[in-house]
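Only one structure is covered here, and it is reproduced in the block below.
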Number of protein chains: 2
Amino acid sequence: MAQNYYAHEPKYNVAVDCIIFGFEEGKLQVLFQHRNIEPFNGELTPLGGFVQQDETLEDAAYRVLTERTGIEKLFLEQLEAFSEINRDPGGRVISVAFYALLNKADYDKSLMDQFNCKWLNIDNLPTLYFDHMKMLKKAVVRLQDKITYTPIAMKLLPEAFTLGQMQRLYEAILNESLDKRNFRKKVCDMPYFIKTDKIDKSGSRRGAAMYTFDYDKYNEQKLFHM
Amino acid sequence: MAQNYYAHEPKYNVAVDCIIFGFEEGKLQVLFQHRNIEPFNGELTPLGGFVQQDETLEDAAYRVLTERTGIEKLFLEQLEAFSEINRDPGGRVISVAFYALLNKADYDKSLMDQFNCKWLNIDNLPTLYFDHMKMLKKAVVRLQDKITYTPIAMKLLPEAFTLGQMQRLYEAILNESLDKRNFRKKVCDMPYFIKTDKIDKSGSRRGAAMYTFDYDKYNEQKLFHM
DNA sequence: TCAAAAGTGTTAAGTTTACACCCATGA
DNA sequence: TCATGGGTGTAAACTTAACACTTTTGA
């Protein structure tokens, strides 16, 4: 930077906090880690960290996520900046919240211990500190909204999935039960869901057809509605 | 603050930029000011400023708006944080974009000259600097979305308005024409729009009935759909 | 008297919802 | 053979979209 015209203006620590969603055994889950700095050392928090000089906010969020999950390809989106003056008793920090979706099959479990991370079901959360509960609620609402008009929920599933898995995922996120026939009709009416000849026998004796989502075709038209 | 645990982490200038919408003569407008600092001194930018020590982001946005428009009651909502490393050639600044809606009838025109401010029609904008065009586009999309399921557009109108004015406002924001009978049916079917006995003769010889929006009733149920 | 905006209903098309039984299989 | 999840169609209710003429009045 040749010069800085704003040297007299105040400066702040800036952090990112990432609400990371996963899905397993019919439950929507969120990834937490035990904090390793004061204050609240040892308590559970969403994955976060301070933004470094050479990083955008998105870079920082992506770095935090990949270094602690091993996943390089995931959905990551900004939620909102949180700036209450005393939101962090450890010092003034402006934190930008993100949410991310990842397929737990890709998740590197060995990093979990190394970074003291832990998946928790969304319906059974502990006390959260700072404004982390606000961030989490905002993330859930955004996710509930967004899965109805974009296919981001598929990021929480393996590449091939059954319609039953997909319906249980939507039910877990929306926190309501859906009609099986109407659900399948809507899905199959969209040209992006491709039935493969693979059969998943893990969930039932009969076995269920596995589908994939055709992102190329989706990107041409982007007509999605659930 | 008793102590600061994060003293070794990097710090940044943090700013707010406000995309302020107004509506007049059937046109959606945005408020700009001539920048009074380097770089780009004199060029048009959205209203913005640096976040001060005793302020949240929302406080800063609200301060910038009220000091330069004279309006104290307006709709203000966070859009997104922008953090590209070289987004501002004057120094590294992380900027949080907001958008706001105001009724131009309440706007203090004398402040306009004092702060070098200027309303421009959305369909006739000049070159914008930094990432201000991105912010503006984001604001427009958010506004287009949000007026279909909340009554925020009414913040752009005087307290009493005609259905014609309201339709022209929706058309200006959505950038498409709407069917008059369907529009009026939807509006009048909602119990929040109250027909007054005032007649606005300014827009036609015949005169049009003026309506108000009942926010109390809306806050009880919040069922709004356009 | 006419130009200009206000005001007003109906019908067809499309979408959403509700609902119940048979199928295939492994244990 | 039976328990379990997979798979399938239709009709009613509701919502959305398309469409044209009469009214009022000031200039």
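In what follows, every chain begins at residue 1, and chains take the letters A, B, ... in the order their sequences are listed.
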Between D/dC19 (P) and B/Arg181 (CZ): distance, integer Å:
10 Å

Over how many whole Å does the gap from A/Met166 atom CE to D/dG6 atom C1' extend?
16 Å

For atom CG of A/Leu163 and atom C1' of D/dG5, their distance in whole Å
13 Å

Given DNA chain D, 5'-ward residue of the pair A/Tyr211 and B/Arg205, judged by closest heavy atom:
A/Tyr211

Between D/dG7 (P) and A/Met210 (CE): distance, integer Å
11 Å

What is the distance, to the nearest angstrom, from the NZ atom on B/Lys186 to the P atom on D/dC14?
18 Å

How about A/Lys109: does its NZ atom have over 12 heavy atoms from other parts shown lying under 6.0 Å from it?
yes

Quick check: on DNA chain D, is the nucleotide nearest A/Asn182 upstream (toward 5') of the one nearest A/Ala208, or the reverse? Name the residue that is more 5'.
A/Ala208

First and last nucleotide of DNA chain C touching chain A, 5' to 3', heavy-atom cut-off 4.0 Å?
C/dT16 to C/dA27

For B/Arg35 and B/Glu43, what are the C-alpha separation, side-chain angles and deciding distance, and is it a salt bridge (Lys or Arg N to Asp or Glu O under 4.0 Å)?
CA-CA 5 Å; B/Arg35 229 174 120 80; B/Glu43 299 291 349; over 6 Å; no

Toward the 5' end of DNA chain C, which comes first, A/Ser204 or A/Asp179, by nearest nucleotide?
A/Asp179

Here the distance between atom C1' of D/dT25 and atom CD1 of B/Ile199, to the nearest Å, is 13 Å

Is there a donor-acceptor pair closer than 3.5 Å between any side-chain N or O of B/Arg68 and the backbone N or O of B/Phe115?
no

Is a donor-acceptor pair below 3.5 Å formed from side chain B/Lys201 to base D/dG26, judging by atom type as modelled?
no

For a quick test of your reading: what N or O donor-acceptor pairs under 3.5 Å do the side chains of residues 165-173 of chain B make, sequence neighbours left out?
from	atom 1	to	atom 2	distance (Å)
B/Gln165	OE1	B/Thr162	N	3.4
B/Gln165	NE2	B/Asp200	OD2	3.3
B/Gln167	NE2	B/Glu171	OE2	3.1
B/Gln167	NE2	B/Leu178	O	2.9
B/Tyr170	OH	B/Ile147	O	2.9
B/Glu171	OE2	B/Leu178	N	2.8

Quick check on D/dG7: is either OP1 or OP2 less than 4.0 Å from any side-chain nitrogen or oxygen of A/Arg184?
yes

Between B/Lys180 (NZ) and D/dA17 (C1'), how many Å, whole number?
17 Å

Taking B/Asn121 for the side chain and B/Asn124 for the main chain, is one N or O donor matched with an acceptor at less than 3.5 Å?
no

Under 3.5 Å donor-acceptor, A/Tyr211 side chain and A/Cys188 backbone:
no

Would you say A/Lys185 places a side-chain N or O within less than 4.0 Å of OP1 or OP2 belonging to D/dT8?
no

So, applying salt bridge (charged side-chain N to carboxylate O under 4.0 Å, His left out) with A/Glu80, which one of A/Arg142, A/Lys137, A/Lys138, A/Lys134 is it?
A/Lys138

Can you find an N or O donor on one side and an acceptor on the other, under 3.5 Å apart, linking the side chain of B/Arg206 with the base of D/dT23?
yes

